[in-house]
**Student:** 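This is the structure I want to talk about, given as structure tokens.
All heavy atoms count here, side chains included; hydrogens, waters and symmetry mates do not.
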Amino acid sequence: MKSESWLNTEHIKRSGEGIEYHPLIPFLPEQAKVLFLGSFPPQRKRWCMDFYYPNFINDHWRIEGQIFYGDKNHFVDLEAKRFKIDEIVAFCEEKGLAFFDTSTAIRRLQDNASDKFLEVVEPTDIPALLKRLPHLRAIVTTGEKATETICRTMGMAETPKVNTYVRVSNTNSTNLTNGGGLLLYRLPSSSRAYPLSFDKKVEAYRRFFDFIKI
């Protein structure tokens with residue numbers, strides 16, 4: 001059975017002259033409770049699958065495997081050095097996890113995946129995403145660039161620090177954890193470049209999922 005493609009082929013063809021348009025379609029399950037918004041995917045040469053968090057040395061899917069299945073390699077094909085995309089998609093649909101990024105088009109100032117060398121050419125229309133997610137409880141960012149971009153795009157004066165949240169005003173979403181209002185919650189980056197142990201990242205993500213009741 002062939003996996004459903006999440007590639008945005010129109011954007012991939014459109015990219016050029018130093019500008020990259022987002023290569024993935026927004027993943028927005030109808031019952032999504034959480035929307036993860038990163039900055040932008042790494043270059044495709046770093047991908048091991050055509051989905052979000054595709055870099056094999058990024059630990060996002062290992063963190064979720066450890067939290068929900070007690071096995072950091074639950075979503076990992078160790079022999080092929082790939083993530084198990086079909087299992088990941090089914091898991092995200094079941095748990096209500098949505099994914100996209102805060103930029104729809106960027107320019108890389110250096111030949112790497114570092115957020116600090118990304119220039120935002122076109123920010124994502126985040127309110128348009130939110131309209132498609134009526135059950136959303138929280139937006140999650142895990143990096144400074146994504147957090148700054150969403151706060152600027154949404155006109156938010158307060159920026160959350162790691163492992164804290166702020167309320168997002170002027171939305172119609174209902175947060176079932178605390179009586180109303182969408183949250184912007186910041187978690188530690190799942191990148192191995194972020195100076196925090198894997199176990200402490202798992203603990204931080206577990207606290208978030210418990211708080212948001214997933």
**Student:** Does any part of the side chain of Val121, heavy atoms only, come nearer than 4.5 Å to the side chain of Ser103, both counted from C-beta?
**Tutor:**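 In short, these two side chains do not touch, never coming nearer than 4.5 Å.
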**Student:** State, to 0.1 Å, how close Lys95 and Lys33 come at their nearest heavy-atom pair, and which atoms those are.
**Tutor:**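 It is O-NZ, 4.0 Å.
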**Student:** Kindly give the heavy-atom pair with the smallest separation between Met49 and Arg82, and that separation in Å.
**Tutor:**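 Looking at all heavy atoms of both residues, the closest pair is CA-NH2, 3.7 Å.
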**Student:** Using the rule that Ile, Leu, Val, Met, Phe, Trp and Tyr join whenever any side-chain heavy atoms are under 4.5 Å apart, tell me whether Trp47 and Ile85 fall into a single cluster.
**Tutor:**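 Yes, Trp47 and Ile85 fall within the same hydrophobic cluster.
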**Student:** If the condition is ring-ring contact (aromatic ring centres under 6.0 Å, His included), which residues does Phe209 pass it with, not counting sequence neighbours?
**Tutor:**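 In terms of ring-ring contact (aromatic ring centres under 6.0 Å, His included), with neighbours along the sequence ignored, Phe209 is linked to Phe68.
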**Student:** Can you measure from CG (Leu187) to NZ (Lys201) and round to the nearest 0.5 angstrom?
**Tutor:**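 If I round to the nearest 0.5 Å, the distance is 11.0 Å.
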**Student:** If you count the non-hydrogen atoms of other residues, nucleotides and ligands that lie under 6.0 Å from CG in Leu78, is the total more than 12?
**Tutor:**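 Result for CG/Leu78: enclosed.
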**Student:** Hey, any chance Tyr194 and Val140 share a hydrophobic cluster, counting ILVMFWY side chains that come within less than 4.5 Å of each other, even indirectly?
**Tutor:**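 No, it is not one cluster - the side chains of Tyr194 and Val140 are not joined through contacts under 4.5 Å.
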**Student:** Any chance you could measure Arg137, atom CZ, to Phe211, atom CZ, to the nearest 0.5 Å?
**Tutor:**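 Arg137 CZ to Phe211 CZ: 10.5 Å, rounded to 0.5 Å.
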**Student:** Do the ring centers of Phe51 and Phe27 come within less than 6.0 Å of each other?
**Tutor:**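 Yes, ring centres under 6.0 Å apart.
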**Student:** More than 12 heavy atoms of other residues, nucleotides or ligands under 6.0 Å from CD of Glu93: yes or no?
**Tutor:**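 It does: Glu93 CD has more than 12 such atoms within range.
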**Student:** Verify, without hydrogens or angle tests, whether Thr164 (side chain) and Pro160 (backbone) share a donor-acceptor contact under 3.5 angstrom.
**Tutor:**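 No; judged by distance alone, with no hydrogens or angles, the pair does not exist.
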**Student:** If you compare all heavy atoms of Ser190 against all heavy atoms of Tyr205, which two are closest, and at what distance to 0.1 Å?
**Tutor:**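 Minimum heavy-atom contact is N-OH, 3.8 Å.
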**Student:** Between Ser39 and Ala146, which heavy-atom pair has the shortest distance, and what is it?
**Tutor:**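 For Ser39 and Ala146, the tightest heavy-atom pair comes out as OG-N, 3.3 Å.
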**Student:** Do Ile214 and Leu136 belong together in a cluster built from hydrophobic side chains that touch within less than 4.5 Å?
**Tutor:**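 Yes, Ile214 connects to Leu136 through the hydrophobic network.
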**Student:** Is the shortest heavy-atom distance from the side chain of Leu97 to the side chain of Phe91 under 4.5 Å?
**Tutor:**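 Heavy-atom side-chain distance check passes, below 4.5 Å.
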**Student:** What do the steps show when you test Thr159 against Val166 for side chain to side chain contact (heavy atoms under 4.5 Å, CB included), and what is the final call?
**Tutor:** CA-CA 7 Å; Thr159 303; Val166 297; over 6 Å; no
**Student:** Report the C-alpha distance between His74 and Glu87 in whole Å, list the side-chain angles of each, state the deciding distance to 0.1 Å, and finish with yes or no for side chain to side chain contact (heavy atoms under 4.5 Å, CB included).
**Tutor:** CA-CA 9 Å; His74 180 82; Glu87 291 187 21; 4.0 Å; yes
**Student:** Atom CD1 in Ile19, atom CZ in Arg107: separation rounded to 0.5 Å?
**Tutor:**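 Going from CD1 on Ile19 over to CZ on Arg107, the span is 4.5 Å.
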**Student:** Report yes if the distance between the aromatic ring centroids of Trp61 and Phe36 is under 6.0 Å, otherwise no.
**Tutor:**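 Trp61 vs Phe36: aromatic centres not under 6.0 Å.
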**Student:** Out of the candidates Thr124, Thr147, Thr102, only one should pair with Leu37 under the side chain to side chain contact (heavy atoms under 4.5 Å, CB included) rule; please name it.
**Tutor:**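 The option that passes is Thr102.
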**Student:** Using 0.5 Å steps for rounding, measure from the CG atom of Leu118 to the CZ atom of Phe40.
**Tutor:**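 Between atom CG of Leu118 and atom CZ of Phe40 there are 8.0 Å.
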**Student:** With a cut-off of 6.0 Å (strictly less than), are more than 12 heavy atoms of other residues, nucleotides or ligands near NZ of Lys72?
**Tutor:**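 No, because the 6.0 Å sphere around NZ of Lys72 holds 12 heavy atoms or fewer from other groups.
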**Student:** Please check if the distance between the ring centroids of Tyr52 and His60 is under 6.0 Å.
**Tutor:**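 No, the ring of Tyr52 stays outside the 6.0 Å limit from the ring of His60, centre to centre.
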**Student:** Looking only at atom types and distance, does a side-chain atom of Asn55 sit under 3.5 Å from a main-chain N or O of Ile57, one as donor and one as acceptor?
**Tutor:**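 A pair under 3.5 Å: yes.
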**Student:** Any side-chain to backbone donor/acceptor pair from His11 onto His22? Under 3.5 Å, distance only.
**Tutor:**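 Flag set: sc His11 to bb His22 pair under 3.5 Å.
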**Student:** Should the heavy atoms of other residues, nucleotides or ligands under 6.0 Å from CZ of Arg207 be counted, would the total exceed 12?
**Tutor:**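 More than 12 heavy atoms, drawn from other residues, nucleotides or ligands, come within 6.0 Å of this atom.
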**Student:** State the CZ-CZ distance between Phe117 and Arg108, to the nearest 0.5 angstrom.
**Tutor:**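 Answer for the CZ-CZ pair, Phe117 versus Arg108, is 12.5 Å.
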**Student:** Run the numbers on Trp6 and Val89 for side chain to side chain contact (heavy atoms under 4.5 Å, CB included), then give the verdict.
**Tutor:** CA-CA 10 Å; Trp6 297 98; Val89 169; 3.8 Å; yes
**Student:** State yes or no: do Leu196 and Phe198 share one hydrophobic cluster built from I, L, V, M, F, W and Y residues joined by side-chain heavy-atom distances below 4.5 Å, directly or via other members?
**Tutor:**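 Cluster IDs for Leu196 and Phe198 differ.
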**Student:** Would you indicate whether the side-chain heavy atoms of Leu24 and Asp101 approach each other to under 4.5 Å?
**Tutor:**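 No; the side chains remain at least 4.5 Å from each other.
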**Student:** With a cut-off of under 6.0 Å to the ring centre and 45° to the axis, is Arg46 in cation-pi contact with Tyr53?
**Tutor:**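 That pair does not qualify as a cation-pi contact.
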**Student:** Does the side chain of Gln66 reach to within under 4.5 Å of the side chain of Asp71, using non-hydrogen atoms?
**Tutor:**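 When only atoms from C-beta onward are counted, Asp71 and Gln66 do not touch, as no gap falls below 4.5 Å.
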**Student:** Does the side chain to side chain contact (heavy atoms under 4.5 Å, CB included) test come out yes or no for Tyr21 and Ile12, once each step is laid out?
**Tutor:** CA-CA 7 Å; Tyr21 290 88; Ile12 292 170; over 6 Å; no
**Student:** Which heavy atom of Cys151 sits nearest a heavy atom of Leu184, and at what distance?
**Tutor:**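 For Cys151 and Leu184, the tightest heavy-atom pair comes out as SG-CD2, 3.8 Å.
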**Student:** Are Phe100 and Val120 connected in a single hydrophobic cluster, I mean Ile/Leu/Val/Met/Phe/Trp/Tyr linked by side-chain heavy atoms less than 4.5 Å apart?
**Tutor:**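 Looking at the clustering, Phe100 is in a separate group from Val120.
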**Student:** To the nearest 0.5 Å, what is the distance between CD1 on Ile139 and CG on Leu133?
**Tutor:**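 Ile139 CD1 to Leu133 CG: 9.0 Å, rounded to 0.5 Å.
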**Student:** Do side-chain atoms of Asn8 reach the backbone of Ile25 as a donor and acceptor pair under 3.5 angstrom?
**Tutor:**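 Not a single qualifying donor-acceptor pair exists.
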**Student:** Heavy-atom count check: over 12 atoms from other residues, nucleotides or ligands less than 6.0 Å from Glu30 CD?
**Tutor:**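 No, CD of Glu30 has 12 or fewer neighbouring heavy atoms, counting only those of other groups under 6.0 Å.
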**Student:** Kindly indicate whether the side chain of Pro127, heavy atoms from C-beta on, has any atom under 4.5 Å from the side chain of Met154.
**Tutor:**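 A side-chain contact under 4.5 Å exists here.
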**Student:** Tell me, with the steps shown, if Phe75 and Tyr69 meet ring pair (Phe, Tyr, Trp, His ring centres under 6.0 Å).
**Tutor:** CA-CA 10 Å; Phe75 295 117; Tyr69 298 96; 5.7 Å; yes
**Student:** Just to verify, what does Ser189 make a side chain to side chain donor-acceptor pair (under 3.5 Å) with, not counting sequence neighbours?
**Tutor:**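 Expected list: none.
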